[in-house]
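Order of listing sets the numbers, starting from 1, for every ligand and every atom in it.
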Amino acid sequence: MSLTPLTARFFPARGGRSLLIGMPEMRQSSLVVVANRLPIDDSAAPDGACEWRRSPGGLGSALHPLLRHTPAAWVGWAGGTGPAPRLPDIDGVRMHTVPLSPEDLRDHYEGFANATLWPLYHDAVEQPEHHRRWWEAYQRVNRRFAEATAEVTEPGAVVWVQDYHLQLVPGLLRDLRPDLRIGFFLHVPFPPPELFMQLPRRAELLRGMLGADLIGFQRAQAAHNFAQLVAKVLELPATDRRIDVGDRAVRVGAFPVSIDTAEMAALAARPDVAARARRLRQDLGDPDRVILSVDRMDYTKGIEQRLKAYRELLAGGHVKVPHTVLVQVAVPSRERVGQYQILRDRVEHQVGRINGEFGRVGEPAIHYLTQPFDRAELAALYRIADVMAVTPLRDGMNLVAKEYVAARVDDTGALLLSEFAGAAAELPQAYQVNPHDLEGLKQGLLAALRADPTDAMRRMRAMRAHLRDNDIRAWARSYLSALDDGDSLLTRLTTAG
Ligand code: ADP
Ligand code: G6P
């Protein structure tokens, strides 16, 4: 790959301060991933001793195993506010930081991305808010990402833009760099027209996405929703596979994201992880049945509904402490957004109430943990879970469900899975439930707890076989070959790591 030193400095759209002060030269890359968040945080950055930080969240979990030791670059935000820190390469991947000011953080990230788009795209399970100031910030920050990307991308290279924070970037980048091959992938659901139509700036958002050559969604239904909206709002000829924008054809498709199945299986099989799992089970008091849930603290994850179902099962005497325990991991997320603060308070109130009513000294009904864990600890947790309860109200994919299946190296265990997780389409052998239906949720949980071992093993084997063939590399291969007609970049990317 040719490395082209750049002497030009890059200036933001407003404020006049160099965005990339301290970057004496900038090299260009042949594959550039653009995502709101870099896989590091600002606390790790300043001393140069950076490591990948797999912050809780599916996007980072998906891209991390793919990009390590590849010629890729990543354009993103390093967390925090203020000037962009200069970062060294991490595992060979170049990190290009885009700064956010306190106003950008409030109005772009917490506002338009996470209080307008996020709830709207997840079935409006919380009320989306609309503010003109947030839209201005969204445009401003998208422009900054597009300009930063244009600077660091080789002529004719591939740029892969990720997720709902950056829907305008494909269009802005195409204007700046028509030579690039541009992909866009949405990790979250894309809503049906009746919801999307609520957005005051719906036409601009659709036009922004159409700057891409290939627009990828998790599910075919999302591609269908998108095509319908483009036809209705922009009056362009659109099918679920192709949209004609002037003389350009934009391809559309479903590419369900996945995990590094082999890596998770190998981790779960490690003797130290097995020993850690035995220890964890002892620490839980050697219960007959362990139920596990692992979520970001997000109202889309159905944590309150699940706790309510568990409480009613305890109250009805269907499950008993200490024979059965629930381990709920809920790592805090987007903590300054009001809806997330309210959720955390409510969940913690519920956990306290259930433990107060049904726990005993040294024997809580729920073991509630809010810490981020490393991958080995997560694998050990998956190994002790007789039942993994993954019951979101709506989820683009849900990689936790896939990680659990991959970690069940002895083919035991039962996955309780919401019909409204993208993963449900791929894992029909899971015990599927409608998380809005409290009785159904309780019955599903009981069915998973009481599963016949032979039947459970048959289900688990089928799910494991699916994930072996449909792992993260298969995802990247199918997406990038559709985007780039399968050149050597794709081969390097999907065989590395
Ligand atoms: P989302 O992207 O909405 O957070 P996913 O289930 O797709 O949901 O992805 C969550 C990712 O975050 C998974 O890879 C999971 O392992 C990771 N994760 C969740 N909770 C924790 C935690 N407490 N510590 C470390 N990683 C976590
Ligand atoms: C989901 C989104 C990602 C996001 C992640 C964590 O997976 O699709 O784009 O990065 O959640 O959320 P955060 O707000 O912490 O980046």
Of all the atoms in ligand 1, which lie at a distance below 4.0 Å from a heavy atom belonging to E403?
13 (C), 14 (O), 15 (C), 16 (O)

Which one of F185, Y479, F184 satisfies the ring-ring contact (aromatic ring centres under 6.0 Å, His included) criterion with W160?
Y479

Would K301 count as a polar contact of ligand 1, with the cut-off being nitrogen or oxygen pairs under 3.5 Å?
yes

Surrounding NE2 of H349 (heavy atoms of other residues, nucleotides or ligands, distance under 6.0 Å), is the total greater than 12?
no

Atom indices of ligand 1, in the order listed, that fall short of 4.0 Å to a heavy atom of R375:
14 (O), 16 (O)

Between L399, V294, V390, which one has a non-hydrogen atom sitting closest to atom 7 (O) of ligand 1?
L399

Below 6.0 angstrom between ring centroids: does that apply to F145 and H165?
no

Can you check whether L59 has an N/O within less than 3.5 Å of an N/O in ligand 1?
no

Short N/O distance, under 3.5 Å, between R37 and ligand 2?
yes

Would you list the atom pairs, donor with acceptor, under 3.5 Å between side chains in residues 205-222 and any protein atom, with sequence neighbours excluded?
from: D213; atom 1: OD1; to: R174; atom 2: NH2; distance (Å): 3.0
from: D213; atom 1: OD2; to: R174; atom 2: NH2; distance (Å): 3.0
from: D213; atom 1: OD2; to: I182; atom 2: N; distance (Å): 2.8
from: Q218; atom 1: OE1; to: V257; atom 2: N; distance (Å): 3.0
from: Q218; atom 1: NE2; to: H187; atom 2: O; distance (Å): 2.9
from: Q221; atom 1: NE2; to: N225; atom 2: OD1; distance (Å): 2.9

Salt bridge present between R281 and D386 (N-O < 4.0 angstrom):
yes

Between CD1 on residue I366 and CG on residue L326, distance to nearest 0.5 Å:
5.0 Å

Number the atoms of ligand 1 from 1 as they appear, then name those within less than 4.0 Å of a heavy atom of S61, with their elements.
11 (C), 13 (C), 14 (O)

Backbone or side-chain N or O of D295 under 3.5 Å from ligand 1 N or O
no

Please report whether ligand 1 has a polar contact with Q371, defined as an N or O pair separated by less than 3.5 Å (distance criterion only).
yes

Which heavy-atom pair separates Q432 from L427 by the least distance, and what is that distance?
NE2-O, 3.1 Å

Which is it for K402 and ligand 1 at heavy atoms under 4.0 Å: side chain, backbone, both or neither?
neither

If you take all heavy atoms of R464 and A407, which pair is closest and at what distance?
NH1-N, 4.1 Å

Which of the numbered atoms in ligand 1 are below 4.0 angstrom from a heavy atom of L378?
16 (O), 25 (C), 26 (N), 27 (C)

When only distance counts, is P372 in polar contact with ligand 1, meaning an N/O pair under 3.5 Å?
no

Under 4.0 Å, heavy-atom basis, I'd like to know which part of V188 is in contact with ligand 2: side chain, backbone, both or neither.
side chain

Side chain, backbone, both or neither: which part of M397 has a heavy atom under 4.0 Å from ligand 1?
neither

With salt bridge (Lys or Arg N to Asp or Glu O under 4.0 Å) as the test, pick out the partner of D104 among R133, R144, R143.
R144

Going by heavy-atom distance to atom 4 (C) of ligand 2, choose the closest among H187, Q162, R296, R334.
R334

Can you check whether G58 has an N/O within less than 3.5 Å of an N/O in ligand 1?
yes

Mark yes or no for whether R202, through its side chain, and M197, through its backbone, hold a donor-acceptor pair below 3.5 Å.
yes

List ligand 1 atoms under 4.0 Å from R296, heavy atoms only on the residue side.
1 (P), 3 (O), 4 (O)

Here's a test for you: under ring-ring contact (aromatic ring centres under 6.0 Å, His included), which of W118, Y164, Y138 qualifies with F112?
Y138

Looking only at heavy atoms, is any part of L59 under 4.0 Å from ligand 2, and if so is it the side chain, the backbone, or both, or is it neither?
both

Below 4.0 angstrom, N of the basic side chain to O of the carboxylate: do D298 and R334 qualify?
yes

In terms of atom number and element, which parts of ligand 2 are under 4.0 angstrom from non-hydrogen atoms of Y109?
13 (P), 14 (O), 15 (O)

Consider every N or O of G57 and every N or O of ligand 2, then say whether any pair is closer than 3.5 Å.
no

With heavy-atom distances below 4.0 Å as the criterion, list the atoms of ligand 1 near V329.
23 (N)

Below 3.5 Å, N or O to N or O, backbone or side chain included: is there any such pair between W118 and ligand 2?
no

With atoms numbered from 1 as shown, which atoms in ligand 1 lie under 4.0 angstrom from a non-hydrogen atom of N398?
6 (O), 7 (O)

In terms of the angle between their ring planes, are W77 and Y109 parallel, tilted or perpendicular, with boundaries placed at 30° and 60°?
tilted

Looking at D260 and K402, does any basic side-chain N land under 4.0 Å from a carboxylate oxygen?
no

